[in-house]
Each structure stands twice: as structure tokens, then as C-alpha cells.
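Here is the structure we will look at, set down as C-alpha cells.
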Amino acid sequence: MVTKSKFQAIRGTRDLLPPETALWNHVEQTAHTVFGTFGFGEIRPPVFEATELFARAVGGETDIVSKEMYSFEDFESNELAALRTLLVAEQSSISDPNFFFAYELKVTEFRERLGNGIERRAVPRTQENERALADLGSLLDSIAFDRQEYETTRDAAIFERFNLYVGTVRNYLLAVHLGDILSLRPEATASVCRAYIEHNMQQLPQPVKLYYLGPMFRRERPQKGRHRQFYQIGAEVLGGTDAPAIDAEVIEMVMMFFDRVGLTGVALDINSIGHNAPDCRPAYVEKLRAALEKVKDQLGADSQRRIETNPLRVLDSKLEHEQPIIATLPHIADHLCADCAAHYAAVKRQLGLRGVFFKENWRLVRGLDYYMRTTFEITAKGLGSQNAVCGGGRYDGLMELLGGPPAKGIGFAIGEDRLILSLQESGEGAVAQGRDVYIAWMGEHAYAAAVRAAKDLRNEGFSVELPATELKFGKALERADKLGSRYALILGDNEVSEGSWTLKALADGTQQKFTEPDLLEYLRKQRALSS
Ligand code: ATP
Ligand code: MG
């Protein structure tokens, strides 16, 4: 019977394994190279940050922030946390007064430790914590007063109150923030902007061009192309001007990257969503809302709700029966202010100048106020309904929202998992594996020569498999074949003493003899021919 392995990767996460990781490395290396040629430098922000940062940057009402983040309280004070857990778990039906008095002592201890913790900065000095400290103080005064009364009168009505106190204490305790509330990053733009502000990057020559790659975390329903730990490759251009050439160059860069990795069926959609001023997007949103009101009855529940909360998001709807209705709605491009309209026209011209093909998609929108003007999305083949491999756009208001200097911003994020999947589906995913040379050795002298040969070959950049234990030649050649080796170098004590080494090409079985230096020379030449 096969017993089930006890530990498995957490739902929505997975191991990336060889040989597939070679493809990941290839893709990432291409990103480093291509982005480097556009003058971008790599930033590696931490994978967790204050939850508040993401709440502000991504938006508190978005699915990401409202239900998909992995958040935790990061406390320094473990004792305080343990004490709180103990007190919170306390039953509110207390039957023994002595038990209650012991409980009161523990609450007193908690309050003292909390006060000390705040003083020592081991616990954040927040309004909630200051209030909890004060509330617990006055509650403990009342408790002490009641206790003294009870000790003399044994009044049952007072005893009743003890139970109520336990409930109140619990509420106060739950309001305490023992540590900072942190989250695993669901995306990286917020972190990059935080870093720009924190390191005063507005003092550098503008714009600052940064790119990143790494894991992101969202508790979404796992499916094809959707994971809970997934990887993004992204870039941001921060500060300086919002000239349309910047937007166009950023898009040109992504497209060049996709081209370089061999992604097929790539389609670029662009749109402009104007900006947040009365004569621009808000005016359009009102028109959209009015138009939606007229067809409200024909829409599904989600869209009906969004007419109030965020009409732009109705345009995102994938519901079949809503499509013909949405097709009749007003287009934002027809309602942009003069500046935004000019910017959009210039971005399109600039894309043409760069030979970047695009399709205008008036339904491509973003629901957050600080997103403005250019938005774009790139889709690829072989991905089913999760076919977006890149989303991007301009977000000129974000930096200020995060407490930074006014600074323009535009960026994109590529879903690396989907990119890889698409490459694999289209047959572009095969990465050469195997070894260049498998050394089949037998005998002690041969082994010394084999070790030397392995070192020399590896120094030349050849991949070499040197078996750790002696194998019969037949067995060794079998292994060499299984590992997908191009050559087997056959080293027996005879070969070594004669100084004539046998190299067998595994594809056709042909053998040639070489001296040690000639062998290296031969392999170098073969490599030059095949590359
Ligand atoms: P989608 O509409 O596909 O959910 P999104 O709008 O949530 O995408 P962004 O936040 O713009 O996506 O992230 C950029 C890219 O990251 C997406 O285009 C996609 O390729 C990728 N991505 C987003 N969420 C996931 C996920 N859970 N698993 C894998 N890739 C993802
Ligand atoms: Mg999503």
C-alpha cells in the first residue's frame, strides 16, 4: 500500500523543477538583458510590507486587498501575545470567585506589560493601543472596586458583573495591535514607489527606471494560469515628465522582451482612461452611469451593484448576455479632456513610430482614481480564459497618495507563470538539457585523469557528468544516454597510459581518439560550429 506523503506544497503554490527552471532562468535572463538595454536598473524590494501600503496603493475596495492578501501581525513581544491568547480564550461563565481574582491579576499584568511595551517601542504606539490601555485601566478600577465590595457582601449581583467584565476585557484585548500588520505583497508597484520615496530618488536624474522580478501572493481560487504564489516581472518609470514617448517606450520594451523570448500570438490592447478632473473621467463616469441606469434591468447582480460603486468595472464584465448591452455604452475616448485626448493621440503616433502594433480597446479600464491616461494589456496564445500576460498603465497620482513628492509614474507587470505556460504550449519551451560530456571511467589511474578532465572541461563551460563510483563501460554508456549526453569520454587505464582518449558521439555512435589537449580543442570547435 502506498502511504500518502504527509507534506505537500500548499494549495495554489508549487515547486518549479528542472528542466523547466532552465526556461524560467532563460526568460529572466532575457528580461535582465532587454530591460538593461533600455537603461532600467533592478530593484529587489522585500516580499512583505505594511498592509496599509497595499491597502492605499491597490485600493481597499479591490478584491486583492479586501480578501486575497496573506496578512499577519508581526509582534516582537511574544510573552504579551501569549498572555493575550490565554485571556481571550477565557470562558465568560465564571462560577468560582477565586478563579476570577486570579484572572483579574493576569489582566493587570497584561496591562502593565502593554504599557511597558509601548514605552519600549516593542508594541506600536497607535491610537487603538493607547485607548485600549486607558480602557483597561478604568475597567480594572471598576473591577477592583467590585471585588472589594464582593469580599465583604458576597452579593450575587456583583458576582454576575464579573462575567460581563470577562467579555469586555476580551473586546479590549482584541483591539490591541501587538505588532505591525504586514502582508505578503500581492504586487510590487506599491513597494517600488515606497522605495522611491524612502530613498529620496526624486533627487536622482529623472525619470528613475526600475524593474523587478519575483513572487507575488494572492489568495485566489487556483486554476490554470492562476496561482496563490505566482511570479511577476515588472518595470516602473518614476518621476520626470509624462511625455507620451515614455508610455510608448515602456510598451515597446515589453513587446521587444516578448519577441526576444519567442512568445507567440501576442496582442496589445491600449486605451486612455483620462484623468480625475471634472471635465474628464468623472464626467464620463456620470454619462456611463446614466446610460447603465437605463439598461439596469437587463444586467446581472454584480453589474447592477457596480452602477453605484464603480461603473467603469461593468465594462470588465465577461457575462455573455451583458455583452450586446455593453456594446451600446458610451466610449471614454470620446469624452476625454483636450489634454488627455492629445496625450492619447501622441502615444498612438509614438507606438507607430516604433513599429508596435496595437488594438484600441475602449473597454480596458482601471477602477482606481490614481490610474490615468494610458492603460494597456497584452494577451498571448494557449492560455484559455486567463490569457492576460501583462497589464500596465500610468498612475501619476500614486506617489502623492503614498505620502511622497508629486511624481509621474507608469509601469507594467508581466505574469511570468502564464508567459512560461504560453511558451510551453507553443513548443517554444524546450530548453536544451542533458550534458555535453559524460565521463565513463574505469580504474584508479583513469579516475585521476577523469577528475582532471572534468575540471578542464567545466572551466571551458562544458557541462560534465563525472560518476562518483566506478561503472562498467556498458552501464556507464547507458547512463550517459539517459542523461541526454552528447558525448561519452571513455577513460580506462589503457587509454590513460597510452595518452589516447576515446570520445564517442552518442547520437551516431562514432568514436574518435584524441590526446588530452586535442580533445579540448576538438570540443571547442564543435561548440563553435553548433552555435
Ligand atoms: P487577471 O485579470 O488575469 O486576474 P489582474 O488584473 O489581476 O489579472 P494584474 O494585477 O494586472 O493582473 O497583474 C499582472 C499580471 O500578473 C496579469 O496579467 C497576469 O498575467 C498575472 N497574474 C495576476 N494574478 C495572477 C495569479 N493569481 N496567478 C498567476 N498570474 C497572475
Ligand atoms: Mg486578478
Side-chain angles (χ1 to χ4, degrees), residues 9-14 16 20 24 27-28 31 47 54-55 57-59 61-70 183-193 211-236 250-251 254-255 257-258 261 263 265-271 273 302 310 312-319 361 363-368 370-371 374-395 398 409-425:
I10 303 300
R11 183 170 136 83
T13 74
R14 63 203 172 129
L16 302 174
E20 189 185 305
W24 285 75
V27 161
E28 289 169 12
V47 293
F54 301 119
V58 183
E61 331 74 53
T62 58
D63 285 355
I64 295 181
V65 169
S66 65
K67 54 183 200 225
E68 294 173 1
M69 284 208 292
Y70 287 95
S183 293
L184 298 184
R185 62 183 185 192
E187 55 105 61
T189 302
S191 304
V192 177
C193 291
Y211 74 95
Y212 59 84
L213 29 87
M216 307 294 157
F217 306 86
R218 296 182 195 174
R219 193 190 281 108
E220 300 191 78
R221 193 170 69 77
Q223 52 192 291
K224 182 180 176 190
R226 204 179 282 294
H227 309 279
R228 291 180 166 187
Q229 173 172 340
F230 63 101
Y231 293 77
Q232 285 187 340
I233 302 177
E236 320 285 347
V250 162
I251 295 174
V254 195
M255 297 305 273
F257 165 70
F258 283 154
V261 293
L263 192 66
V266 182
L268 164 66
D269 279 15
I270 64 165
N271 192 22
I273 52 169
D302 279 345
N310 201 341
L312 285 173
R313 288 212 43 208
V314 176
L315 304 182
D316 272 344
S317 160
K318 305 227 157 61
L319 288 183
N361 177 355
R363 286 176 57 176
L364 195 61
V365 290
R366 305 258 159 178
L368 300 175
Y370 60 80
Y371 275 108
T374 311
T375 57
F376 59 98
E377 185 172 274
I378 301 169
T379 52
K381 269 206 320 209
L383 295 173
S385 55
Q386 263 67 55
N387 66 346
V389 284
C390 176
R394 184 166 274 294
Y395 49 81
L398 178 57
I410 180 168
F412 62 80
I414 295 166
E416 192 177 359
D417 307 70
R418 292 186 198 172
L419 167 58
I420 299 276
L421 193 60
S422 178
L423 291 175
Q424 289 168 332
E425 300 270 310

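Just so you know, ligand 1 is whichever comes first in the structure, and atom 1 is the first atom listed for that ligand.
Put simply, the side chain of L268 reaches to within 4.5 Å of the side chain of M255, judged on heavy atoms.
Taking R363 as the reference, Q323 meet the side-chain hydrogen bond (donor to acceptor under 3.5 Å, both in side chains) condition, with sequence neighbours excluded. A search for salt bridge (charged side-chain N to carboxylate O under 4.0 Å, His left out) contacts involving E220 returns R226, not counting sequence neighbours.
Sorted by first and then second residue, the ring-ring contact (aromatic ring centres under 6.0 Å, His included) pairs with a member in residues 211-230 read H32-Y211, F35-Y211; sequence neighbours excluded.
Counting only distance, with no hydrogens or angles, the side chain of S422 and the backbone of G382 share no donor-acceptor pair below 3.5 Å.
Residues lining ligand 1 at a heavy-atom distance below 4.0 Å are given as R218, E220, G225, R226, H227, F230, Q232, A388, V389, C390, A413, G415, R418, ordered by chain and residue number.
With 3.5 Å as the limit, one finds a donor-acceptor pair spanning the side chains of Q229 and Y231.
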